[in-house]
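One structure below.
Treat the numbers as computed from the prediction; the structure is a model and nothing was measured. Letters A, B, ... are given to chains in the order of the sequence lines, protein chains preceding strands, and every chain is numbered from 1. Note: hydrogens, waters and symmetry copies are ignored here, and every other heavy atom, side chains too, is used.
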Protein chains: 2
Amino acid sequence: MAETSDFKAEPPEGIDPLGASSEGASLYQLIREDIIEGRLAANERLVVTDLARRHGTSTNPVREALQLLRGEGFVTFVANRGARVRPIDQDFVRDIYEIGVLIEPALTRWFVNMATVEDIAELERIQGLIEENNFADTFRHSELDTAFHTVMYQRHYNRHAAELWWKHREVLRAVSRRFNFTLARRAAILREHSELIAHVKAGNADEAAELIARHVEGSGRHVLEHMRARNAARAG
Amino acid sequence: MAETSDFKAEPPEGIDPLGASSEGASLYQLIREDIIEGRLAANERLVVTDLARRHGTSTNPVREALQLLRGEGFVTFVANRGARVRPIDQDFVRDIYEIGVLIEPALTRWFVNMATVEDIAELERIQGLIEENNFADTFRHSELDTAFHTVMYQRHYNRHAAELWWKHREVLRAVSRRFNFTLARRAAILREHSELIAHVKAGNADEAAELIARHVEGSGRHVLEHMRARNAARAG
DNA sequence: TTTCCATAAACAATGTATGATTTATCGCGT
DNA sequence: ACGCGATAAATCATACATTGTTTATGGAAA
């Protein structure tokens, strides 16, 4: 699994990157990243001619990229008023965490029943790196954590579910990177990952699924609490 | 609830129809329906100039509509080879049914705890129409069935989940219309809807959620069985 | 003076048309 | 079966028309 040895988490195998054609693809990816990473403000207007100038293309590919992003839900359109950045706010994050709580246990259950020794070794390797890093490098942690779960969901037969998870994951990864982990959360993550590996080894699908549900919910609660706090600080 | 008195099911309130601008919107909707209703064959090439000619527009709006459909997952792109119709095959249908089994119980649980007397009256009214129709008019049944579930999920706070459900529902509605209901399935639908209403009235959220899981799973099994049979017939 | 409103100018979205360039695809002859 | 040239099509650029939105501006009213 080459994608887990370096820092950058890769999409699960078999998920088309949606960035096919050279020019338009990078345009799409650039705008997408700007939204997900928060470099474009919530509700900011996306003016076609501006984007075209900024990226050195004509307006045509820009408009197509915006429609693609619209279909994925990262951009909203109003007739004759063009595109705006869809805000990745608390509601947004809560929504996709809740969907994760529902879907990830099912993906996990399947994984437990299908896991090979190589899979388990890979999980343990990544978990080793996570413990080694011990949250020192936030970016690295978030990549490793994503890789950990990717190993589990990567080969699931339900491609819709796996792709949905990945799409959500990309957002959550970016959002959670903006915050530091509390000590309690750090401990919970390490403990839950270890327990999960134990369940996988023992073939306890139900326990693993239940654990993942708690894991995702805990992660969501943690991020949302941070968002709330930051929001309150900004408002107060 | 005006949307349930006539034949055409409407998207849940608050779901933007994604068809904003007049021209491009209808283009998008037309192509989308052609795919969902199966008028465009699986994997069929979507040639930009053809579509433009057929719909009497220039190529630009066509390309944008295709990108939007790509983002929604109804169309696939390969670099420099353009767009193709994403096949709505057994895998596709199984995937989204399975996601429904995971998500709909959660939506239902919330509904049971929030349902007003008007909601319940509306459910009973629709259920009355469903029984009255008694599967005589397949199209009408599918619209009514959709309306029934829409009442439940319409106002859920998790807009992502509700929109995901709706997007999937539009596909499943079209697919299931291609088949007739077996007698066993008819009986199950009527029984489960009635039981569901009883659970809602009694405020039994868990029972309702469990029932919906079975309802969706049964519906999926039924449709998939039909698809399998038709596929086998075609192959044999 | 400030607030409000109508109006005009500037801006931008949307669609059309056309051409250049690159990349697939297909038919044909070897 | 293979290569090659013709055709088809995707992709991008450019320019422009039309339409609707936004903003600036100059008064009229409070």
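For B:S58, the listed nucleotide lying nearest its side chain is C:dG15; candidates were D:dA13, D:dT14, C:dG15. With distances taken from any side-chain atom of A:R63 to the nucleotides C:dG15, D:dC12, D:dA10, the minimum falls on C:dG15. The side chain of A:N60 approaches D:dA13 more closely than any other nucleotide in the set D:dA13, C:dT14, C:dA13.
Counting to the nearest Å, the C1' atom of D:dA9 and the CG atom of B:L51 are 13 Å from each other. C:dA12 atom P lies 13 Å from atom CD of A:E44, rounded to whole Å. D:dC12 atom P lies 9 Å from atom CD of B:Q67, rounded to whole Å. The separation between B:E64 atom CD and C:dT14 atom P is 8 Å, rounded to whole Å. For A:R53 and C:dA12, the CZ to P distance is 8 Å, given to the nearest whole Å. The interatomic distance linking B:N80 (CG) with D:dA8 (P) rounds to 18 Å, in whole Å. In this structure, B:L66 atom CG and D:dA9 atom P are separated by 14 Å, rounded to whole Å. Between the CZ atom of A:F77 and the P atom of D:dT21 there is a distance of 15 Å, rounded to whole Å.
Checking the phosphate oxygens (OP1, OP2) of C:dT23, no side-chain nitrogen or oxygen of B:R81 falls inside 4.0 Å. Distances shorter than 4.0 Å separate some side-chain N or O of A:R45 from OP1 or OP2 on C:dA13.
Taking the six-membered ring where the residue is Trp, A:H226 and A:H222 present perpendicular rings, their angle passing 60° and hence far from 30°.
Between A:A83 and A:V75, the shortest heavy-atom contact is CB-CG1, 3.6 Å.
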Please walk me through it: do A:R169 and A:T150 pass side-chain contact (heavy atoms from CB on, under 4.5 Å)?
CA-CA 10 Å; A:R169 183 73 188 192; A:T150 299; over 6 Å; no
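Between B:F111 and B:H156, the gap from one ring centroid to the other reaches at least 6.0 Å.
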